[in-house]
J.: 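My structure is below; once you've seen it, I'll send some questions.
Basis for what follows: all heavy atoms, side chains included, without hydrogens, waters or symmetry-related copies.
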Amino acid sequence: RRRDAYYTPGTVAREVVAHAQAVPRVVMDPSAGDGSLLQAAATQWPGARIIGLDIDRRQLAITRARNPDWALGRVDMFSNRSRASSPYWHPMTSRVDLMLLNPPFSYRGGRSMHIQHAGESYALTPASAFVGLSISRLTPGGELLALLPAGVLSRGREADFWTASRSRWESGTGAGC
């Protein structure tokens with residue numbers, strides 16, 4: 001099965017991290033790839049716990065060799081079983097202050113990812129589904145910074161998800177994004 005493997009350039013990663021509003025204790029990237037977003041965070045906040053997840057075993061081994069102090073694990077974000085079996089995704093142990101994302105953009109064949117978010121069911125593109133799943137791991141007041149495809153926030157079929165998410169964030173009942 002083909003997967004997206006377009007990693008975030010270091011300059012872009014540093015720019016994304018610069019937008020964080022607070023000093024995080026725990027930072028996670030559930031599509032870590034080569035770890036560039038996490039490296040930017042680790043440089044900015046040397047005391048933060050760094051958690052990286054990815055579906056690619058080989059890339060995780062490379063990232064682990066470069067960053068032995070990080071908590072890294074394999075997770076298929078679109079598999080309920082994979083997420084449930086990950087100690088780094090468990091709701092009681094993986095609450096994070098800052099979620100960094102450069103999720104898969106591919107939407108080949110138009111196959112939607114079905115997720116539950118804030119009590120509602122949504123059929124989303126992979127990038128939006130990553131956001132929806134990741135929000136659940138944020139601490140109250142936590143932040144999510146994501147690189148997303150152009151137009152994803154206004155795409156017709158995803159408008160309900162983004163409208164509901166924005167209203168939760170603006171009302172203070174959800175994490176900030």
J.: Looking at Gln116, I'd like to know if its CD atom is crowded, meaning that more than 12 non-hydrogen atoms belonging to other residues, nucleotides or ligands lie closer than 6.0 Å.
T.: yes

J.: Please find the pair of heavy atoms, one from Gly52 and one from Leu60, that lie closest to each other, and give the distance.
T.: O-CD2, 4.4 Å

J.: Decide side-chain contact (heavy atoms from CB on, under 4.5 Å) for Met28 and Leu53; before the verdict, give the C-alpha distance in whole Å, the side-chain angles of both, and the deciding distance to 0.1 Å.
T.: CA-CA 8 Å; Met28 178 186 278; Leu53 306 174; 4.2 Å; yes

J.: Are any side-chain N or O atoms of Glu143 and backbone N or O atoms of Gln21, one a donor and one an acceptor, separated by less than 3.5 Å?
T.: yes

J.: Atom CD1 in Ile51, atom CZ in Arg137: separation rounded to 0.5 Å?
T.: 11.0 Å

J.: Determine, step by step, whether Val96 and Val27 satisfy the side-chain contact (heavy atoms from CB on, under 4.5 Å) criterion, reporting the C-alpha distance in whole Å, the side-chain angles of both residues, the deciding distance to 0.1 Å, and the verdict.
T.: CA-CA 6 Å; Val96 301; Val27 178; over 6 Å; no

J.: Do Leu38 and Val23 share a hydrophobic cluster, counting only Ile, Leu, Val, Met, Phe, Trp and Tyr and linking them when any side-chain heavy atoms are less than 4.5 Å apart?
T.: yes

J.: How many angstroms lie between CZ in Arg66 and CG in Asp34, if you round to the nearest 0.5 Å?
T.: 6.5 Å

J.: Judged by modelled atom types alone, do Gln59 and Thr63 share a side-chain donor-acceptor pair under 3.5 Å?
T.: yes

J.: Can you see which heavy atom on Val16 is nearest to which on Leu147, and at what distance?
T.: CG2-CD2, 3.8 Å

J.: Do Trp162 and Val131 have side-chain heavy atoms sitting under 4.5 Å apart?
T.: yes

J.: Specify the closest pair of heavy atoms between Ser136 and Trp89, including all atoms of both residues, with the distance to one decimal.
T.: OG-CZ2, 4.3 Å

J.: If you compare all heavy atoms of Leu72 against all heavy atoms of Arg64, which two are closest, and at what distance to 0.1 Å?
T.: O-NH2, 2.9 Å

J.: Roughly how far, to the nearest 0.5 Å, is the CG atom of Asp29 from the CG atom of Asn102?
T.: 8.0 Å

J.: What's the spacing between Asp54 CG and Met77 CE if we round to 0.5 Å?
T.: 10.5 Å

J.: First locate atom CG of Asp160, then atom OG of Ser121, and finally report the distance between them rounded to the nearest 0.5 Å.
T.: 11.5 Å

J.: What's the separation between atom CZ in Arg25 and atom CG in Leu98, rounded to the nearest 0.5 Å?
T.: 12.0 Å

J.: Taking it one step at a time, do Leu144 and Ile135 satisfy side-chain contact (heavy atoms from CB on, under 4.5 Å)?
T.: CA-CA 7 Å; Leu144 185 146; Ile135 290 169; 4.0 Å; yes

J.: Do Phe130 and Met99 pass the side-chain contact (heavy atoms from CB on, under 4.5 Å) test, and can you show the C-alpha distance, the side-chain angles, and the key distance before you say yes or no?
T.: CA-CA 11 Å; Phe130 254 78; Met99 185 73 69; over 6 Å; no

J.: Please confirm whether the backbone N or O of Asp69 pairs with a side-chain atom of Asn67, one donor and one acceptor, at under 3.5 Å?
T.: no

J.: Say whether, by atom type as modelled, one donor and one acceptor occur between the side chain of Thr139 and the main chain of Arg95 under 3.5 angstrom.
T.: no

J.: Where is the tightest heavy-atom contact between Leu37 and Leu101, given as atom of each residue plus distance?
T.: CD1-C, 3.9 Å

J.: Please check this pair: side chain of Thr163 against backbone of Ala159, looking for a donor-acceptor N/O pair closer than 3.5 Å.
T.: yes

J.: Can you give me the closest heavy-atom contact between Arg74 and Ile55, atom names plus distance?
T.: NE-O, 2.9 Å

J.: So, the side chain of Ser82 versus the backbone of Asp76: is there a donor-acceptor pair under 3.5 Å, distance only?
T.: yes

